[in-house]
Amino acid sequence: MGTSDVNVNSSSSLVKDFLHKCGGVAVIDGGFATELERHGADLNDPLWSAKCLLTDPHLVRAVHLDYLEAGADIILSSSYQATIQGFKAKGYSIEESESLLKRSVEIACEARDVYYNRCCETSADQSTDGKVLKQRPILVAASVGSYGAYLADGSEYSGEYGDAVDLNFLKDFHRRRVQLLANSGADLIAFETVPNKLEAQAFVELLKEEDIKTPAWLSFNSKDGVNVVSGDSLSECAAIGESCEKVLAVGINCTPPRFILDLILSIKQVTTKPILIYPNSGESYDGIRKEWSNTGVTDEDFVPYVNKWCEAGASLVGGCCRTTPNTIRAIHKSLSGKRTV
């Protein structure tokens with residue numbers, strides 16, 4: 001099934017056509033690193049979840065499958081913190097580093113194929129054990145984290161890169177990774193947790209300069225419900241996405257649920273594109289200590305938010321850090337009655 005079920009002749013209509021086939025709203029997957037840890041992975045490493053591309057690719061595939069069976073319509077590759085620079089720092093050659101980046105998308109595509117095979121093996125659309133086994137369009141998004149994610153010091157939650165990091169620096173840092181992921185077999189590129197206006201501008205300029213054919217989405221994070229984490233105006237950041245024809249959706253990720261509604265309303269003022277929302281559980285992250293505080297929203301409390309977000313204009317909804325397949329299953333179940341198919 002996959003992208004063959006979506007009109008991809010025109011990249012500009014990819015997400016809108018996909019949403020139509022999903023009944024107006026699509027479900028994005030949830031947190032990845034904590035699920036890898038639950039499966040037994042040790043992520044105490046600057047590469048974070050990207051480490052598993054080297055050590056435990058079968059666990060990466062298993063997490064993707066967990067989310068598909070929970071009802072996710074879009075799965076993100078495990079490349080958020082995977083960079084050529086990061087792999088080289090661990091002693092890998094450029095060729096090995098580039099291969100690992102492409103492998104992240106290949107594993108996600110393999111998981112989609114396995115899922116479709118499982119769907120064919122079941123006689124009913126809905127399986128037992130709470131698993132969603134239903135033939136449907138599924139997109140694979142190649143995750144591109146910010147420069148701060150590579151630094152592994154929590155600066156994607158502040159956007160404070162220092163005066164030495166300018167527009168050209170960021171474009172040069174991301175250029176080869178974006179080229180590789182655009183040609184990896186992914187359906188789209190997910191620029192995630194973008195903390196400032198400068199990096200958003202770098203991403204959209206790269207899409208144009210490199211004539212990237214694979215469409216993208218642009219997703220920011222906020223810690224006050226008004227601006228992005230750097231203090232830059234969310235409206236100005238979202239407008240950068242609106243101005244680029246290769247950006248097909250704009251939204252928010254890795255942000256506490258309580259802030260999302262106001263952020264949707266702010267984005268709606270400057271974009272006509274689909275709005276995507278995949279917040280974290282509401283817990284706070286200490287980038288230096290690499291620890292989360294246990295003050296998050298339960299799955300039961302998360303779902304009522306989702307209905308309000310969709311009513312406000314969000315059409316792609318999922319979870320980020322510390323959300324789980326159970327969260328995504330609850331979102332899928334909540335939205336099922338609202339879909340037009």
Side-chain angles (χ1 to χ4, degrees), residues 1-8 10-32 64-77 108-109 111-112 115-116 119 125-126 131-143 186-192 214-219 241 247-254 257 260 263-264 267-268 271-279 302-303 305-320 323-325 327-341:
M1 211 164 182
T3 54
S4 63
D5 290 315
V6 183
N7 177 13
V8 292
S10 170
S11 65
S12 64
S13 65
L14 173 68
V15 170
K16 289 182 178 178
D17 288 351
F18 178 70
L19 285 171
H20 176 72
K21 290 182 178 292
C22 289
V25 60
V27 179
I28 305 170
D29 64 10
F32 211 83
H64 286 315
L65 273 167
D66 286 346
Y67 278 117
L68 290 172
E69 292 182 343
D73 306 304
I74 303 173
I75 55 174
L76 280 74
S77 68
C109 291
R112 178 171 61 184
Y115 176 77
Y116 283 142
C119 290
D125 272 351
Q126 298 291 331
K131 293 181 179 179
V132 179
L133 292 174
K134 182 179 180 181
Q135 290 282 356
R136 63 189 189 279
I138 292 168
L139 297 183
V140 169
S143 172
D187 302 303
L188 55 90
I189 301 170
F191 295 116
E192 300 189 272
T214 305
W217 79 41
L218 201 57
S219 183
V247 173
L248 303 190
V250 179
I252 296 290
N253 76 293
C254 213
I260 297 296
L263 296 169
I264 293 172
I267 293 171
K268 274 181 70 174
T271 187
T272 59
K273 298 179 179 181
I275 295 175
L276 59 108
I277 298 296
Y278 52 117
F302 198 98
V303 170
Y305 278 116
V306 172
N307 297 323
K308 294 177 182 176
W309 298 336
C310 291
E311 289 169 6
S315 53
L316 301 106
V317 181
C320 200
T323 60
T324 70
T327 316
I328 301 310
R329 187 174 292 107
I331 293 173
H332 168 83
K333 185 175 180 180
S334 174
L335 295 179
S336 293
K338 296 176 175 59
R339 296 185 176 190
T340 57
V341 293

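Here Phe191 pairs with Phe203 under the ring-ring contact (aromatic ring centres under 6.0 Å, His included) rule; sequence neighbours left out. Applying the side-chain contact (heavy atoms from CB on, under 4.5 Å) rule to Ala108 yields the partners His64, Ile75, Val140; only residues at least two apart in sequence or on another chain are considered. Evaluation of the ring-ring contact (aromatic ring centres under 6.0 Å, His included) rule for Tyr67 yields no partner, not counting sequence neighbours.
Remark: side-chain polar atoms of Thr323 are not paired, donor with acceptor, to backbone N or O of Gly30 under 3.5 angstrom. Not one N or O on the side chain of Arg136 forms a donor-acceptor pair closer than 3.5 Å with the backbone of Cys22. Judged by distance alone, the side chain of Arg329 and the main-chain N or O of Thr327 form no donor-acceptor pair under 3.5 Å. When atom types are taken as modelled, the side chain of Thr271 and the backbone of Ile267 share no donor-acceptor pair closer than 3.5 angstrom. When atom types are taken as modelled, the side chain of Lys273 and the backbone of Gly241 share a donor-acceptor pair closer than 3.5 angstrom.
Residue Val27 comes nearest to Gly71 through the heavy atom pair CB-O, 3.8 Å, listed as atom of the first residue, atom of the second, then distance. Taking all atoms of both residues into account, the shortest heavy-atom contact from Val132 to Tyr115 is O-OH, 2.6 Å. The shortest non-hydrogen separation linking Ser315 to Gly24 is CB-O, 3.7 Å. Heavy atoms only, all atoms of each residue included: Ala141 and Ala190 are closest at CB-CB, 4.1 Å. Taking both residues in full, the closest heavy atoms of Leu248 and Pro215 are given as CD1-CB, 3.1 Å, listed atom of the first, atom of the second, then distance. Listed here is the closest heavy atom pair of Val15 and Pro274: CG1-CG, 3.9 Å.
Checking each of Leu139, Asn253, Ile28 against Leu76 for a side chain to side chain contact (heavy atoms under 4.5 Å, CB included) leaves exactly one that passes, namely Ile28.
How far CZ of Phe32 is from OG of Ser143: 9.5 Å, rounded to the nearest 0.5 Å. Separation of atoms SG (Cys119) and CD1 (Ile138) is listed at 6.5 Å; rounding is to 0.5 Å. A distance of 11.5 Å separates CD1 in Ile328 from OH in Tyr278, rounded to the nearest 0.5 Å. Expressed to the nearest 0.5 Å, how far CZ of Phe302 lies from OG of Ser334 amounts to 11.0 Å. To the nearest 0.5 Å, atoms CD1 (Ile264) and CG (Leu276) are separated by 10.0 Å. Rounded to the nearest 0.5 angstrom, Leu68 CG and Lys134 NZ are separated by 14.0 Å.
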Determine, step by step, whether Asp73 and Arg339 satisfy the salt bridge (Lys or Arg N to Asp or Glu O under 4.0 Å) criterion, reporting the C-alpha distance in whole Å, the side-chain angles of both residues, the deciding distance to 0.1 Å, and the verdict. CA-CA 13 Å; Asp73 306 304; Arg339 296 185 176 190; 2.9 Å; yes
Derivation and outcome, side-chain contact (heavy atoms from CB on, under 4.5 Å), residues Leu316 and Ile74: CA-CA 9 Å; Leu316 301 106; Ile74 303 173; 3.5 Å; yes
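Below 30°, between 30° and 60°, or above 60°: for Trp309 and Tyr305 the angle between ring planes is below 30°, a parallel geometry.
With no hydrogens or angles considered, no side-chain donor-acceptor pair links Ser219 and Glu192 at under 3.5 Å.
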